[in-house]
Number of protein chains: 4
Amino acid sequence: MAERVADRRAELLDAAVRVFAEKGFHATRVGDIATEAGVAHGLLYHYFRSKEEVLETVFRDTWSALVAETRRIEASDVPLREQLRLFARIYLGSWLQTPDLVRVLVREVARGPGVGSRVAEIGELFDSLRRIIEAGQARGEVRPGLDPTIAAWALYGAHEEILTGWVLGQLPGDAAEVDRAVTTVVELAYAGLAA
Amino acid sequence: MAERVADRRAELLDAAVRVFAEKGFHATRVGDIATEAGVAHGLLYHYFRSKEEVLETVFRDTWSALVAETRRIEASDVPLREQLRLFARIYLGSWLQTPDLVRVLVREVARGPGVGSRVAEIGELFDSLRRIIEAGQARGEVRPGLDPTIAAWALYGAHEEILTGWVLGQLPGDAAEVDRAVTTVVELAYAGLAA
Amino acid sequence: MAERVADRRAELLDAAVRVFAEKGFHATRVGDIATEAGVAHGLLYHYFRSKEEVLETVFRDTWSALVAETRRIEASDVPLREQLRLFARIYLGSWLQTPDLVRVLVREVARGPGVGSRVAEIGELFDSLRRIIEAGQARGEVRPGLDPTIAAWALYGAHEEILTGWVLGQLPGDAAEVDRAVTTVVELAYAGLAA
Amino acid sequence: MAERVADRRAELLDAAVRVFAEKGFHATRVGDIATEAGVAHGLLYHYFRSKEEVLETVFRDTWSALVAETRRIEASDVPLREQLRLFARIYLGSWLQTPDLVRVLVREVARGPGVGSRVAEIGELFDSLRRIIEAGQARGEVRPGLDPTIAAWALYGAHEEILTGWVLGQLPGDAAEVDRAVTTVVELAYAGLAA
DNA sequence: AATGAATGAGTTTTCATTCAT
DNA sequence: TATGAATGAAAACTCATTCAT
């Protein structure tokens, strides 16, 4: 029974991601999600309070996984360059794994009502990146004068914009290009930060 | 008379930027813009075909100015580090000059609906940044192996995310912080790119 | 088993009266009744065809008891003044016995939608009151010129409006006030009708 | 211009009364009112905030007129019997003047959300009736022991129930019957109250 | 140029009712 | 009996856009 419920909920979330990715959150009608999931639209309201909550859930599920992975990288005992590579692999690699999810997150997350409620969770990722940089400074791997907070935002932005390029179809996004992007971003970031 | 027209149009655009910045494009009603501008909402349709066109106009006016400035930097005969500093000053400095405009561009333009129609113009800026990097490689200032296209996107993203941090209220955005951000981003970028 | 059924049905009716009294018929969801009764909402449809039928049942059960009591008064061999007092005691006294039921009847039944279907039963009460007045005229207790039908409606209305005052919280409705209301209405009615 | 606006508003109110009278408030869709008034449904929202507000307006306009008339009667220097007759004429006579309005008020006013906000205004009428009775007591026309508040509610209820009889089609409501009802109610009430 | 009354397409959400289990 | 997932009709309300004045 609980399994059934989880299934339906998951089906609806999957369907929502697909439709949000294609038409965008605002242009998506609740009925579109239901149709994509093969259920009546009323059912969506058994599992979610509103269309907005569906997006919130998608965001939270994905983002908390990303934060968890980033913290694992932060905790890992490897040199900065390796940490940067791991992060780039996970973050940019998501384009190959779950392109629709990337489309949705890149386009919708910083926008619309409810950004406020997401900002706190977004902050957790930046905090982790900042601590990675600070730890690098403590180990002498990163230039001491650099502002770690600003550097963390810049670092994240470098990654996100590349995802954006793929989402907008402005950058080629096949597997080889993703590899090349990982390499390029890691080189840029490491050289940029290194002492 | 032509001046009057220009005035009214400009007033409406200014009002629109203010309201878009406060409530976001979707939550803004045409009547809100008109009220903010002190005119009847019907008048907006003398100057613009639709609410969408108002946003388009805001984007195009701002973006083309930014592209022009970037091209001037590209054409200028100064070292890469100076070019990066000029770009960061203009781009990040806009937060102090026209914060509402930044809010709108960061939240609505780079991702929102209708990006499709703006992508070509967005591309011009990236092209210019790419050529700056390529020229740096030609002069031996930039590492030769680096992919200039990906680097241009990463470079732009680093800047944009800092604006985003200010827009979301997650980074302190006073004049001193803007200066510090310019310094930090230029250092990061120059070291990241330099041969 | 039959007892069980009767129990469940009665529980649901009781719960419905409580919820109708609090939120009104239209604002009450079937789920509210079920929750109040501690069962799943689907179960309600084993005992009633619809939400409407629940209200109908509440009305019919209550009203038929009231009609029966009124007919008993009608049949009783006591003077008019005593008959009026008995009616007032039963009718106004219900406020102390079953205030929620009074709330529902006053607000939903006498006027609400679907009165049409209840009008016949409502008429039985008025008929009984009319015959009480006519009998009074036959005995010489009631002024002969008075229209018994109109007088019956007026008499009933006098009682109902006092219930309404209590329901709306506009008249104090404690036990002492109920007594005082009985006395007042009986005096008014008796003096109004008496030859 | 202001005249036009007033017209449209009044047209919509008239239409609403007609439709509410026929189908009841809840069963009436906003579109029904608009259709009856010959306009698009959206226009209703230029003049009223909601369907509810339309009913509120109907109630307030009517009720305040009734309160004003009752106060005029209260202030007039005529014997109690004449005051009762004037009230009955106005109140019961409304059935001949504006039957739809009566239908709406009788059926909807004491119900639905927003009763709370109407109760205060309803109280004004009862206050006026109570003062009429108290003044009668002061002049020695009304029995001294009688509770004037309860008597006022009973008096009003006697009238309202007769309107209800007409609305429900249970009492014949032609002009002759209205006259007879006025006579009957005045006799009942006067005899009921008189010293 | 300017107004604002008028239009009507568009969409979320609610909730009574059904029915498989 | 009992549950609650699933359905889908229904409707209020919003608001961009038009257009007569």
Side-chain angles (χ1 to χ4, degrees), chain A residues 1 4-5 7-9 12 26-34 37-54, chain B residues 1 4-5 7-9 12 26-35 37-54, chain C residues 1 4-5 7-9 12 26-35 37-54, chain D residues 1-2 4-5 7-9 12 26-35 37-54:
Chain A
M1 196 72 79
R4 274 271 182 67
V5 167
D7 281 356
R8 273 285 192 244
R9 233 185 90 102
L12 280 163
H26 264 104
T28 295
R29 277 155 296 142
V30 170
D32 295 335
I33 301 174
V39 299
H41 67 274
L43 188 56
L44 189 139
Y45 292 90
H46 269 273
Y47 298 101
F48 305 97
R49 234 187 300 283
S50 64
K51 192 179 85 164
E52 181 76 30
E53 204 193 70
V54 176
Chain B
M1 200 66 83
R4 274 271 186 68
V5 167
D7 280 355
R8 270 287 192 247
R9 237 185 86 101
L12 280 164
H26 263 103
T28 295
R29 283 155 296 158
V30 169
D32 295 334
I33 302 173
T35 302
V39 299
H41 66 273
L43 188 56
L44 190 138
Y45 291 88
H46 272 275
Y47 297 102
F48 305 96
R49 229 185 303 281
S50 67
K51 192 177 89 161
E52 185 76 33
E53 201 193 71
V54 176
Chain C
M1 200 67 83
R4 273 272 185 67
V5 169
D7 280 356
R8 271 285 192 249
R9 236 186 87 101
L12 280 164
H26 263 103
T28 295
R29 282 155 295 157
V30 170
D32 296 333
I33 301 173
T35 301
V39 299
H41 66 272
L43 189 54
L44 190 139
Y45 291 89
H46 272 275
Y47 298 102
F48 305 96
R49 228 186 304 282
S50 67
K51 191 177 90 163
E52 185 77 32
E53 202 192 70
V54 176
Chain D
M1 199 71 80
R4 274 272 181 66
V5 168
D7 280 356
R8 273 286 191 243
R9 231 186 91 101
L12 280 164
H26 264 103
T28 296
R29 279 155 295 142
V30 170
D32 296 334
I33 302 174
T35 302
V39 299
H41 68 273
L43 189 57
L44 189 140
Y45 293 91
H46 269 273
Y47 297 102
F48 306 96
R49 233 184 302 281
S50 65
K51 193 178 84 163
E52 182 77 29
E53 202 191 73
V54 176

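As the structure is a prediction and not an experimental result, all values here were calculated from the model. By convention in this document, chain letters (A, B, ...) are assigned in the order of the sequence lines, proteins followed by strands, and residues within each chain are numbered from 1.
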**Student:** To the nearest Å, give me how far apart CZ (Arg9(B)) and C1' (dA1(E)) are.
**Tutor:**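 Interatomic distance, CZ of Arg9(B) to C1' of dA1(E): 15 Å.
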**Student:** Test side-chain contact (heavy atoms from CB on, under 4.5 Å) on Leu44(A) and His41(A) and set out the steps.
**Tutor:** CA-CA 6 Å; Leu44(A) 189 139; His41(A) 67 274; 5.8 Å; no
**Student:** Rounded to whole Å, please give me the gap between CD in Glu53(B) and P in dT18(F).
**Tutor:**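 Interatomic distance, CD of Glu53(B) to P of dT18(F): 12 Å.
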**Student:** Expressed as a whole number of angstroms, how long is the span from Phe48(A):CZ to dT12(E):C1'?
**Tutor:**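 It is 16 Å, rounded to the nearest whole Å.
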**Student:** Start at the 5' end of DNA chain F and walk down; is the nucleotide closest to Ala27(D) or to Gly42(D) reached first?
**Tutor:**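 Looking at the nearest nucleotide for each, Ala27(D) comes out on the 5' side.
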**Student:** For the pair made of NE2 in His26(B) and C1' in dT12(E), what is the distance, rounded to whole Å?
**Tutor:**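 Taking atom C1' of dT12(E) as the reference, NE2 of His26(B) is at 15 Å.
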**Student:** Where do Glu53(B) and Phe48(B) come nearest, in terms of heavy atoms and distance?
**Tutor:**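 Answer, listing the atom of Glu53(B) first, then Phe48(B): OE1-CA, 3.2 Å.
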**Student:** Of the non-hydrogen atoms in Tyr47(A) and Arg8(A), which two are nearest, and what is the gap between them?
**Tutor:**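 Looking at all heavy atoms of both residues, the shortest contact is OH-CB, 3.5 Å.
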**Student:** Whole-Å distance between dA6(F) P and Asp7(A) CG?
**Tutor:**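 It works out to 10 Å between those atoms.
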**Student:** Would you kindly compare Gly31(C) and Gly38(D) by the position of their nearest DNA chain E nucleotide and give the one closer to the 5′ end?
**Tutor:**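 On the 5' side of the pair lies Gly38(D).
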**Student:** Reckon Arg8(A) has a side-chain N or O less than 4.0 Å from the OP1 or OP2 of dA5(F)?
**Tutor:**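 Looking at the OP1 and OP2 atoms of dA5(F), neither is under 4.0 Å from any side-chain N or O of Arg8(A).
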**Student:** Could you check how far CG of Leu43(A) sits from C1' of dG4(F), rounded to whole Å?
**Tutor:**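 Rounding to the nearest Å, CG of Leu43(A) and C1' of dG4(F) are 11 Å apart.
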**Student:** Between the base of dT3(E) and the side chain of His41(B), is there any donor-acceptor pair under 3.5 Å?
**Tutor:**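 Counting by modelled atom types and ignoring angles, no donor-acceptor contact under 3.5 Å is found here.
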**Student:** Does dA16(F) have its OP1 or OP2 closer than 4.0 Å to a side-chain nitrogen or oxygen of Arg49(B)?
**Tutor:**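 No.
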**Student:** Over how many whole Å does the gap from Glu52(A) atom CD to dT12(E) atom C1' extend?
**Tutor:**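 Rounded to whole Å, this separation is 13 Å.
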**Student:** Would you kindly compare His46(A) and Leu44(D) by the position of their nearest DNA chain E nucleotide and give the one closer to the 5′ end?
**Tutor:**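 On the 5' side of the pair lies Leu44(D).
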**Student:** Could you tell me whether the phosphate oxygens of dT14(F), OP1 or OP2, come under 4.0 Å of any side-chain nitrogen or oxygen in Arg29(B)?
**Tutor:**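 Answer no for this pair, as no side-chain N or O of Arg29(B) is under 4.0 Å from OP1 or OP2.
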**Student:** Which dot-bracket notation, 5' to 3', represents the base pairing of DNA chain F when pairs are defined as Watson-Crick or G-U with both distances under 3.5 Å, crossing pairs as [ ], and inter-strand pairs as |?
**Tutor:** .||||||||||||||||||||
**Student:** Let me know the distance between OH of Tyr47(B) and P of dA16(F), rounded to the nearest Å.
**Tutor:**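 Answer to the nearest Å: 20 Å.
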**Student:** Restricting to non-hydrogen atoms, name the atom on Leu12(B) and the atom on Ala37(B) that form the minimum distance, rounded to 0.1 Å.
**Tutor:**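 For Leu12(B) versus Ala37(B), the nearest heavy atoms are CD2-CB, 3.8 Å.
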**Student:** Measure across His26(A) and His26(B) and return the closest heavy-atom pair with its distance rounded to 0.1 Å.
**Tutor:**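 Shortest heavy-atom contact: ND1-ND1, 3.5 Å.
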**Student:** Within the structure, does a side-chain N or O atom of Tyr45(B) lie under 4.0 Å from either OP1 or OP2 of dT3(E)?
**Tutor:**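 Checking Tyr45(B) against dT3(E): no side-chain N or O falls below 4.0 Å of OP1 or OP2.
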